[in-house]
Amino acid sequence: MSEVIVITSGKGGVGKTTTTANIGTALALQGNKVVLMDADIGLRNLDVVMGLENRIVYDLVDVVEGVCRLKQALIKDKRYDGLYLLPAAQTREKTAVTPEQMKKLCEELKEQFDYVLIDCPAGIEQGFKNAIAGADRAIVITVPEVSAVRDADRVIGLLTANGLEEPQLIINRLKMDMVRRGDMMSIDDTLDILGIGLLGVVPDDESIVISTNRGEPAVSNSQSLAGQAYNNIARRILGQDVPLMEFNVDQGFLSRLKRFFGISTRSVSDHA
Amino acid sequence: MIQMRENGISFKGTRDGLQISLGDDLTFDSLKDGLRKRLQQAGDFFKGTGLIVQFTGRLLEPDEISQLKNLIEEEIEAPVFIKDPPDDTTSKIFLENDDLIIEGPAKFVYNTIRSGQRIAYDGNIIVVGDVNPGAEVVAGGNIVVAGYIRGMAHAGSDGNDKAVIIAGSIRALQVRIGHLIARAPDNDAAPISQPEIAYVNGSEIIIEPYLKAASISRRRGEGYI
């Protein structure tokens with residue numbers, strides 16, 4: 001049973017593209033046939049993050065306009081079995097396609113793939129409407145900041161109004177030490193406002209920047225904490241029961257030693 | 001709010017324009033005469049300003065509406081826009097006692113109201129969920145929210161100071177009742193996580209924990225602190 005999943009956020013720069021790339025790669029690594037669709041026409045990025053930019057010949061708009069066949073526009077990622085990219089057009093605008101055309105395209109892709117992941121553009125205008133038109137399921141990304149959460153809330157409202165009843169949430173770039181100091185919204189604070197199911201939490205991780213710049217998804221790096229988090233999210237999408245990770249990476253040797261002896265260094269701030 | 005009653009005609013200024021209530025026991029011609037007289041009495045008050053007018057109290061034929069529209073335009077020497085009369089099914093008929101709205105039509109919303117969404121209703125509104133930041137709930141009567149209010153709530157939107165807002169916790173950015181506006185304090189006081197009520201006392205909106213024992217009149221009166 002194949003599924004079209006749209007990854008959206010409202011606010012820009014919270015990690016939609018990175019998340020799409022990583023979840024898609026993780027799903028492919030688990031043996032699924034996956035296509036990543038970049039719906040951000042005019043501001044495409046997914047090809048860059050995947051390191052496939054130089055292989056684009058045809059794009060999504062070409063397919064919709066009948067310039068080429070779907071198969072010609074799909075780029076196979078040679079590093080991962082079963083992973084494909086359908087790039088966006090860079091020289092066109094969001095209005096180049098309609099929600100009806102996107103719906104039809106999604107139906108076509110569903111016949112060939114287990115998972116169709118759509119990287120939604122920021123905003124709630126035409127590009128957003130196009131991206132959600134053919135989706136069966138929605139994932140909302142936010143970072144633990146008031147403005148991003150506000151936008152996520154707006155998007156959840158629009159998703160439910162458009163028949164995507166139960167969107168799931170990914171909290172990206174969580175800094176556990178800042179949460180502990182009370183300087184950042186916690187997972188609970190965020191869930192309290194948004195009130196939807198939590199699909200996963202991705203810790204703030206420098207290795208993401210490196211892997212994004214290199215065009216290598218972090219899930220392929222077993223050392224990356226964020227990569228692990230994305231792997232877990234992919235497994236949850238597949239229906240597996242994976243508990244949330246513990247993010248206590250910032251603890252040095254001394255604090256681990258203290259914890260070993262039962263002298264917690266965190267207990268004070270935890271209960272502050 | 002301006003309210004005057006004479007010759008079967010009363011004027012009521014609302015936020016959305018001028019409501020002209022027409023008695024239905026008079027002939028149309030005498031109503032027209034009365035209306036002309038009233039506008040002349042008002043002198044320069046309405047002169048030269050475009051008006052949004054809503055007729056209430058009497059069913060009018062389209063032809064009669066345009067006659068009245070022309071008449072007003074003639075008198076005030078400015079364009080008039082006619083607003084449809086209020087829908088009967090949602091007409092703001094509230095039963096009130098000295099302190100409170102105690103009965104009236106109500107709308108139930110069975111989900112959380114999120115940023116960018118707006119629920120407006122002439123009667124009372126009951127939200128079974130939260131009102132999130134960036135969302136708006138506007139009721140002609142009372143607002144009751146089962147969860148938290150974090151957005152904007154306006155009760156008694158037609159200027160009814162008897163309206164109240166009740167929620168699991170009122171953490172709203174702004175609370176409006178009738179013509180009054182209260183906004184959240186700039187310093188982030190620790191929010192109260194127990195049911196709260198917002199009501200008007202004099203010219204102030206009071207928000208406080210809801211105590212079963214204290215009636216609104218006691219709250220409003222001197223005795224209550």
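We name chains A, B, ... by the order of the sequence lines, and we start the count at 1 in each one.
Atoms CD1 and CD, on A/I156 and B/Q117 in that order, are 10.0 Å from each other to the nearest 0.5 Å. Rounding to the nearest 0.5 Å places CG of A/D153 at 9.0 Å from CZ of B/R150.
A/D151 does not touch chain B: none of its heavy atoms, backbone or side chain, sits under 4.5 Å away.
More than 12 non-hydrogen atoms from other residues, nucleotides or ligands lie less than 6.0 angstrom from CD of B/Q174. Atom CD of A/Q240 sits in a crowded spot, with more than 12 heavy atoms from other residues, nucleotides or ligands closer than 6.0 Å. Other residues, nucleotides and ligands contribute only 12 or fewer heavy atoms inside 6.0 Å of the NZ atom of A/K104. Shown here is B/E96, whose CD atom has more than 12 heavy atoms of other residues, nucleotides or ligands within 6.0 Å.
Residues satisfying the salt bridge (charged side-chain N to carboxylate O under 4.0 Å, His left out) test with B/K107, not counting sequence neighbours, are none. Residues forming a side-chain contact (heavy atoms from CB on, under 4.5 Å) with A/T98 (at least two apart in sequence, or on another chain): A/E100, A/Q101.
Summarising the geometry of A/I196 relative to B/R114, their closest heavy-atom pair is CG2-NH2, 3.7 Å, with the distance given to 0.1 Å.
Heavy-atom proximity under 4.5 angstrom to chain B picks out nothing from residues 2-22 of chain A. Listed in order of number, the residues of residues 129-137 of chain B that approach chain A to under 4.5 Å between heavy atoms are B/D130, B/N132, B/P133, B/G134.
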